[in-house]
Amino acid sequence: MLRPLLAASTLAVAVALAGAATTGARAQTEATPAAQAQFSDSHLAVARRVVASSGMARSFEAVIPQMQEGLLRQYGRNPALLEDASAVLRELGPEMELQRRAMQNRAARVIASRLSEEELTAIAAFFDSEAGRRYVEVQPAILDGLISEMQAWSQELNEYLQIRVQAEMVARREAQAAGEAPAAAPQ
């Protein structure tokens with residue numbers, strides 16, 4: 001008898017804390033310029049279309065399942081809590097869909113605050129084209145490749161800078177020892 005009550009009360013506290021965190025985050029977001037700006041319905045509609053068709057929504061659509069998995073891992077050691085939490089998460093499915101849409105609307109407002117309706121219409125047309133759909137399809141692989149290249153470039157640049165700075169410092173010390181004015185580094 002006590003175990004189900006403890007499980008229910010623990011789950012209720014977790015849900016209440018999650019709700020409080022969401023409310024706090026919502027209050028902070030509502031203060032952003034994008035949240036305060038007024039846009040026409042058509043401007044927001046095309047911005048939402050860009051969010052969806054550009055692949056941008058993929059980046060935050062994974063957040064809800066990741067949060068749900070994290071929550072379930074917290075209850076993983078207690079089968080009764082895990083079962084209760086799983087059931088509650090299934091029941092919260094429609095609410096999570098509303099949360100997903102809310103994030104899409106937030107993203108649309110951010111985009112609409114930076115781009116005109118006409119610009120967004122042209123961008124949406126590109127993403128609706130065959131080339132745009134192909135770009136969205138390969139975008140994750142492109143980003144993975146860019147990340148790898150950035151890491152390699154950063155390491156190479158770091159090594160280059162270290163060698164150049166050390167060489168320049170040695171040249172300056174040698175020039176000072178010889179009583180010469182140090183030469184400026186080539187630009």
Side-chain angles (χ1 to χ4, degrees), residues 17-18 21-22 24-37 39 43-44 46-74 76-77 99-100 102-187:
L17 288 174
T22 303
R26 187 179 309 123
Q28 289 176 353
T29 302
E30 289 171 356
T32 64
Q36 293 175 349
F39 305 101
H43 193 173
L44 284 176
V46 73
R48 277 191 294 275
R49 195 168 126 211
V50 168
V51 168
S53 64
S54 69
M56 184 183 306
R58 286 188 302 221
S59 64
F60 48 81
E61 285 180 351
V63 170
I64 293 172
Q66 289 172 351
M67 285 185 170
Q68 290 171 329
E69 289 171 15
L71 183 65
L72 291 175
R73 276 194 300 275
Q74 292 175 13
R77 294 188 183 113
Q99 290 293 330
R100 184 189 64 77
M103 185 57 217
Q104 284 183 331
N105 288 331
R106 288 176 181 199
R109 293 184 80 73
V110 169
I111 291 172
S113 72
R114 306 284 192 296
L115 297 164
S116 71
E117 184 173 348
E118 294 76 24
E119 291 167 325
L120 287 170
T121 299
I123 292 166
F126 167 72
F127 285 119
D128 289 341
S129 72
E130 188 174 325
R133 286 189 301 274
R134 176 73 177 133
Y135 173 78
V136 170
E137 179 184 325
V138 299
Q139 188 180 44
I142 290 170
L143 293 175
D144 287 345
L146 286 173
I147 289 169
S148 294
E149 291 300 323
M150 287 277 299
Q151 289 171 340
W153 174 73
S154 295
Q155 185 168 350
E156 291 166 8
L157 181 60
N158 184 44
E159 291 170 6
Y160 172 80
L161 281 173
Q162 286 180 12
I163 290 168
R164 287 290 293 128
V165 167
Q166 288 173 359
E168 184 62 29
M169 291 171 64
V170 166
R172 288 179 183 205
R173 277 192 224 111
E174 288 174 354
Q176 284 178 336
E180 303 170 9
Q187 301 273 334

Original post:
Which atom names give the shortest non-hydrogen contact between Leu120 and Ala47, and what distance separates them?
Top reply: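 That would be CD1-CB, 3.8 Å.
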**OP:** Kindly give the heavy-atom pair with the smallest separation between Val51 and Ala108, and that separation in Å.
**Re:**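 Residues Val51 and Ala108, closest heavy atoms: CG2-N, 3.8 Å.
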Roughly how far, to the nearest 0.5 Å, is [atom2] of [Y] from [atom1] of [X]?
X	Y	atom1	atom2	value
Leu157	Gln162	CG	CD	10.0 Å
Arg133	Ser53	CZ	OG	10.0 Å
Glu168	Ile163	CD	CD1	14.5 Å
Leu115	His43	CG	NE2	7.0 Å
Arg49	Leu44	CZ	CG	14.0 Å
Asp128	Ile123	CG	CD1	12.0 Å

Original post:
Taking only residues at least two apart or on different chains, which pairs with a member in residues 55-68 satisfy side chain to side chain donor-acceptor pair (under 3.5 Å)?
Top reply: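 Only Arg58-Gln139, Glu61-Arg100, Glu61-Gln104 qualify under side chain to side chain donor-acceptor pair (under 3.5 Å).
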**OP:** Would you check, one step at a time, whether the test side-chain contact (heavy atoms from CB on, under 4.5 Å) holds for Ser113 with Phe39?
**Re:** CA-CA 8 Å; Ser113 72; Phe39 305 101; 3.8 Å; yes
Subject >> Atom CD of Glu130: over 12 foreign heavy atoms under 6.0 Å >> reply: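 No - once you tally the heavy atoms of other residues, nucleotides and ligands closer than 6.0 Å, there are 12 at most.
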Original post:
Given Leu71, which of Glu69, Gln74, Arg73 fulfils the side-chain contact (heavy atoms from CB on, under 4.5 Å) condition?
Top reply: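 The residue from Glu69, Gln74, Arg73 that satisfies side-chain contact (heavy atoms from CB on, under 4.5 Å) with Leu71 turns out to be Gln74.
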**OP:** Would you please test Met103 and Ile64 for side-chain contact (heavy atoms from CB on, under 4.5 Å) and show each step?
**Re:** CA-CA 11 Å; Met103 185 57 217; Ile64 293 172; over 6 Å; no
Please tabulate, for the side chains in residues 148-156, all donor-acceptor contacts under 3.5 angstrom to protein atoms that are two or more places apart in sequence or on a different chain.
from: Ser148; atom 1: OG; to: Asp144; atom 2: O; distance (Å): 3.3
from: Ser154; atom 1: OG; to: Met150; atom 2: O; distance (Å): 2.8
from: Gln155; atom 1: NE2; to: Glu159; atom 2: OE2; distance (Å): 3.4

